[in-house]
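Every chain is numbered from 1 and lettered A, B, ... according to where its sequence line falls, protein lines coming before strand lines.
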Amino acid sequence: MDYFIKTIISLLKGKIDLPEEEIKTLLEIPPDFKMGDYAFPCYGLAKTLKKSPNVIAGELAKDLHAGKPIEAVRAVGPYINFFVDKTTLSETVLKTISKERDGYGNKDVGKGKTVVVDFSSPNIAKHLAVHHLRSALIGNAICNSYKTLGYTCVGINHLGDWGTQFGQLIVAYKKWGSENAHHTYTVTDLNNLYVKFHQEAEKDPGLEDEARAWFKKLESGDPGAKELWQYFKDISLQEFQKIYDMLGIHFDAFVGESFYNTMVEDTITRIKEKGLSRVSEQALIVDLEPYNMPPCLLRKKDDTTLYATRDIAAAEYRKKTYDFDRMIYVVGSEQKLHFNQFFKVLELMGHNWADRCVHVDFGLMKFKDGKMSTRKGKVVLLEDLLIEAVGRIRKIIEQKNPSLENKEAVASDVGIGAVIFADLCTKRSKDVVFDWDEVLNFEGETGPYVQYTHARLCSILRKYGKPVTAEIRFELLKEDETFILIKNLGQFPSIILKAAEFYEPSLICNYLIDVCGNLNRFYNAHRVLSDDEELTKARIFLVDATRQVIKNGLKILGIHAPEQM
RNA sequence: GCGCCCGUAGCUCAGCUGGAUAGAGCAACGGUUUCCUAAACCGUAGGUCAGACGUUCAAAUCGUCUCGGGCGCACCA
């Protein structure tokens, strides 16, 4: 696509007095393809040339003669519209896709650079529930986007395996849990203990003190506390892994908060030496009042640390270990202030890389009647949701395609794909209300729709049965539905770039919906396999390219693309 | 009280680094299958882009304010 833009710029350059860069940013794509493929608005020139933009467009258009890849230049109102040569465009786009295959969309802008992505990061001793989905899926997709751009990506699961809550859990376990010590504990048992603790603590506030005391023991290395903690952690990790496997999410490191426990002392010492901290109300804080923020707490009055402290230590450790170019934290927007505080402390410590840490936030997931809460047991477990989704797809397969092979694998790909797509589809800044019917709707702008479109294309290719060739007559791909689709396919690389730049996987979802819509319109209007050999070859080439783009896009989102469904 | 996010069709959303008639899906109604998977496609209906003022040749898009919803604001993460 750059090829056409460059030609247009060089065409305009001689006629108007603007730097290339500016012409490039001014160039736009008309709302309707019938108006042209690119357009240059003349409003800006009106002032300097003292003529109306319509007149300028008219004069310039007359002056610019089409050539080579530009088929026509036409003035429409205040715009100069450019029509590219369809054959050249089709050939450029489709040949690129067929050459690059699984690598179509890849770039090397990130070559040699490392990006650390901190995502999912659940607290242990609790189930993974639907509200954990967003961080995991958005983080995974961002990781994949950056990989596509050539970055080395390190996906880190920063497990919440440290903090006062483990004191609470130990107290609960000792009081109400240890009598069934011989039966194998599950996360459900741990969760029940956690809920019970909070119920009891409302009646007896002394429990909270006991919990803090236990956490203090844990932090100072008490073997008994540590053993229990490790036990809880093992139980949790096992269950988490099961869900991550279902979702197809991989981490390069499972490094929880506890890992940094040995480093926090050193971190605090350096903060103190820089004179950044002071004691206030018996706690050690970094005063952030000059920056209009509440203080960042490093140490509580009982001397134990807080997560901000561990986050600072973790950031320093990661910088040393990975020498990242950028570090991305995919964490809910309710933690915005925490990240602003902790990034500011990094900056004050003199870390010039502090501005390369970004908090990629996202809106809250809640129920119609309010927030989800583990404490109150008001959650939908992730596992239940995934099983339900796969179950419903299984039924639909039974009804629509009972002779399908590998039904189970396909049901899993489609059911889980539906959940992933539904979550990734909306811009991350929006709050989402969890609704079974919405997540489990499989028609229209959904994951199954994209997968179905992909499967149909595979089906055509199977039926065709011969090798796909690039030796086709590109001028045959000229109908409206066909050309719109080809242009759309050519946008894929720039969509990935934008999705990575804005940390916004929803852009890829929307793009895929677009491609599928265009494909299905093409599919309905034109038969691919016909007696006309040349035409069939040409359309097959397009079908194969579309199949490839959908597959590549889904892969970034973390969704499988079954060949039949 | 202060700060951040959101407010576009009945519902869910896209469009928001300003530009040519505000787009999809779901739901409703009507249509398309002798033909490559109808999990699809086409059509009809549906909008004071929360509101006001401002900047601009041009505002859903930028700024200020108001209203409505969400989140956060020292020993939780």
Just to be sure I understand the rule, does [X] reach a base, reach only the sugar-phosphate, or reach nothing, if contact means heavy atoms closer than 4.0 Å?
X      : value
A:P78  : nothing
A:K463 : sugar-phosphate
A:G163 : sugar-phosphate
A:D32  : base
A:Y449 : sugar-phosphate
A:N81  : base
A:Y523 : base
A:R310 : sugar-phosphate

Output the rounded distance in Å from [atom1] ([X]) to [atom2] ([N]).
X      : N     : atom1 : atom2 : result
A:E438 : B:A24 : CD    : P     : 20 Å
A:I460 : B:A40 : CD1   : C1'   : 12 Å
A:Q451 : B:A40 : CD    : P     : 13 Å
A:H526 : B:C42 : NE2   : C1'   : 14 Å
A:L337 : B:G72 : CG    : C1'   : 6 Å
A:E334 : B:G72 : CD    : C1'   : 9 Å
A:H198 : B:A77 : NE2   : P     : 12 Å
A:F522 : B:C41 : CZ    : C1'   : 14 Å

Let's test this: given Watson-Crick or G-U wobble pairing with both distances under 3.5 Å, identify the partner of [N].
N     : result
B:C53 : B:G63
B:C26 : B:G10
B:C73 : B:G1
B:C41 : B:G31
B:A58 : none

Taking the side chain of [X] as heavy atoms from C-beta outward, which of [options] is closest to it?
X      : options             : value
A:M565 : B:C36, B:C5, B:A39  : B:A39
A:M35  : B:A39, B:A20, B:C71 : B:A20
A:T164 : B:A20, B:A77, B:C36 : B:A77
A:V528 : B:A40, B:U21, B:C36 : B:C36
A:K366 : B:G70, B:A39, B:C13 : B:G70
A:K400 : B:C57, B:A39, B:G72 : B:A39
A:P31  : B:C4, B:U21, B:G72  : B:U21
A:K336 : B:G70, B:C4, B:C42  : B:C4
A:R212 : B:C76, B:C42, B:A20 : B:C76
A:I396 : B:U21, B:A77, B:A39 : B:A39

Looking at [X], I'd like to know whether one of its side-chain N or O atoms comes within less than 4.0 Å of OP1 or OP2 on [N].
X      : N     : result
A:R539 : B:C36 : no
A:R462 : B:C36 : no
A:Y194 : B:C76 : no

Between [Y] and [X], is the closest basic N to carboxylate O distance under 4.0 Å?
X      : Y      : result
A:R392 : A:E388 : yes
A:K51  : A:E59  : yes
A:R428 : A:D361 : yes
A:D302 : A:R212 : no
A:E265 : A:R299 : yes

Looking only at atom [atom1], what distance separates [N] and [M], rounded to whole Å?
N     : M     : atom1 : value
B:G46 : B:C11 : C1'   : 12 Å
B:G18 : B:A9  : C1'   : 24 Å
B:A45 : B:C36 : P     : 33 Å
B:U48 : B:U8  : C1'   : 12 Å
B:C67 : B:G25 : P     : 38 Å

ask   = Angle class for the A:Y329/A:F342 ring planes (parallel below 30°, perpendicular above 60°, tilted otherwise)?
value = perpendicular
message = Tell me which residues in residues 281-296 of chain A lie within less than 4.0 Å of RNA chain B, going by non-hydrogen atoms.
response = A:E281, A:A283, A:I285, A:P294, A:P295
Hey, are the side chains of [X] and [Y] touching, using non-hydrogen atoms and a 4.5 Å cut-off?
X      : Y      : answer
A:E443 : A:Y449 : no
A:D544 : A:L461 : yes
A:K427 : A:F502 : no

query = Mapping A:A39 and A:I397 to their closest nucleotides on RNA chain B, which lands nearer the 5' end?
reply = A:A39
note = Per nearest nucleotide of RNA chain B, the residue lying toward the 5' end, A:P448 or A:F40, is A:F40
Would you list the protein and nucleotides 26-34 of chain B atom pairs, both N or O, that sit under 3.5 Å from each other?
none

Pair [X], [Y]: side-chain N/O donor-acceptor within cut-off below 3.5 Å:
X      : Y      : answer
A:S530 : A:T536 : yes
A:T305 : A:E219 : yes
A:T482 : A:E479 : yes
A:E481 : A:H526 : yes

remark   = Between A:L128 and A:P122, the two heavy atoms sitting closest are CD2-CB, 3.6 Å
key: Check: A:D423 side chain, A:V419 main-chain N or O, donor-acceptor pair, under 3.5 Å   = no
request  = Quick one: do A:E438 and A:N441 satisfy side-chain hydrogen bond (donor to acceptor under 3.5 Å, both in side chains)? Show the steps, please.
outcome  = CA-CA 5 Å; A:E438 228 170 87; A:N441 167 38; over 6 Å; no
Tabulate atom names and distances for all N/O pairs under 3.5 angstrom spanning the protein and nucleotides 15-18 of chain B.
from, atom 1, to, atom 2, distance (Å)
B:C16, N4, A:K427, NZ, 2.7

task = Report yes or no: is there a donor-acceptor pair, N or O only, under 3.5 Å between the side chain of A:S280 and the base of B:A74?
result = yes
